[in-house]
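Okay, so here's the structure we're looking at.
Residue numbers begin at 1 in each chain, while the letters A, B, ... track the order of the sequences. Given the structure is predicted, the values throughout are model-derived calculations rather than measurements.
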Protein chains: 2
Amino acid sequence: MPSKPLPPITMDAVYAAPGYLFRRMQQIAVSIFMEECKAFDLTPVQYAALIAIHTHPGIDATRLSAVIAFDRSTLGSVIERLEAKDYIERKPAPEDKRIKLLYLTKPGAAILREIIPAVERAQARMLEPLKPADRKALMTLLVQLVDLNNEASRVPLRAEDALEHLGKSG
Amino acid sequence: MPSKPLPPITMDAVYAAPGYLFRRMQQIAVSIFMEECKAFDLTPVQYAALIAIHTHPGIDATRLSAVIAFDRSTLGSVIERLEAKDYIERKPAPEDKRIKLLYLTKPGAAILREIIPAVERAQARMLEPLKPADRKALMTLLVQLVDLNNEASRVPLRAEDALEHLGKSG
DNA sequence: CAAAGATTGTCAGTATGCTGTCAATCTAGA
DNA sequence: TCTAGATTGACAGCATACTGACAATCTTTG
């Protein structure tokens, strides 16, 4: 057998491939987010970063990247843009000259309060076409899959554990 | 009531949001794809484009973007790179001077044959952590959701219908 | 304490993705 | 036919993402 006959190459195989579906769904999710939030000058990534900084005031960029599973390189420019919009500020850490601490500003906290309803509408719209039971089933499976595949991505999620090495006053 | 008390802002709400999970899963999917296919100089997007051009020889860029649901602007550079690698070639359409027809080259067809097993391994790996029944359930729900949300994205999938206006000799 | 090693923020380079625009070209209607 | 409108490929500009590298800085070790 010099060459095994390959399966026929069809677009249907592409349309049914997990990778294609994940990409497509991501495009759709971003599109819905931007539509619901067009009154606010925030992208999904910037929103997640703001939430994380709000939840962990004084976090540094490297730990932030672990908490939201974003690439450290990418995060640099995201932070820059958030700072340019005056939603966050960077302060040098007194005990480590390499580190810059991130804090939400008043306008940052304000925009967060205002945008949350729009974000929730967006999240709901993404799943709206499914029956409620199916929405729940899909989310359950996705949470599992993302968790079990955590190490497969370049920047695994390190959630709260990532903060254990931070100097906490508690 | 001057201001309604907002729900507490937690990272768990972010981690459970559909949009966040889709983004995360997309990152993971790309990472796995690139790892399995590192022997071949092809990205997931370039792979999908190659398959579509193989399936629809002589397609033009605009219709290609509809068939794989990629942005027309983005596709331009993707095509450029595929052409630079000598995997496809562009020929001017005789009856319409605006259009450039896309064809797979011999090296393009060859790389497609070679990469397919790696791509299938990648697709399988993405779902591997789930039980077989759960994989099937997830894919079924995702196919539904992507289809029902088709119009929500900037570039809805137009699959084969997009080709109806193409001059077909058959 | 000095050298080796690790960490942090940053940058260059590449590759999607999106919005908006434009000239060239084709099409449809007056 | 002549022109208003649509289509096509291309481009500029912005925003993720990833790889790999780097200087400054901190930590660990001998």
The correct set of residues in residues 87-101 of chain A placing a heavy atom under 4.0 Å from DNA chain C is Arg90(A), Arg98(A), Ile99(A), Lys100(A)
Answer yes or no: is there an ion pair linking Glu128(A) with Arg135(A), defined by an N-O contact shorter than 4.0 Å?
no
Counting only heavy atoms and a strict 4.0 angstrom limit, can you tell me which residues of residues 30-42 of chain B come near DNA chain C?
none
Pick out which of Val78(B), Leu75(B), Leu157(B) makes a side-chain contact (heavy atoms from CB on, under 4.5 Å) with Phe70(B).
Leu75(B)
Ignoring hydrogens and geometry beyond distance, is the side chain of Ser73(A) in donor-acceptor contact with the base of dG20(D) at under 3.5 Å?
yes
Is the distance from the ring center of Tyr20(A) to that of Tyr15(A) below 6.0 Å?
yes
Under 3.5 Å donor-acceptor pair, Thr43(B) side-chain atoms to dT16(C) base atoms:
no
First of Glu80(A) and Val45(B) reached from the 5' end of DNA chain C, by closest nucleotide:
Glu80(A)
Would you call Lys100(B) and Asp60(B) a salt bridge, taking side-chain N to carboxylate O under 4.0 Å as the test?
no
For the pair made of CG in Asp71(A) and P in dT10(C), what is the distance, rounded to whole Å?
14 Å
For the pair made of CZ in Arg72(B) and P in dT16(C), what is the distance, rounded to whole Å?
18 Å
May I ask you to say whether Arg158(A) pairs ionically with Glu151(A), meaning some side-chain N is under 4.0 Å from a carboxylate O?
yes
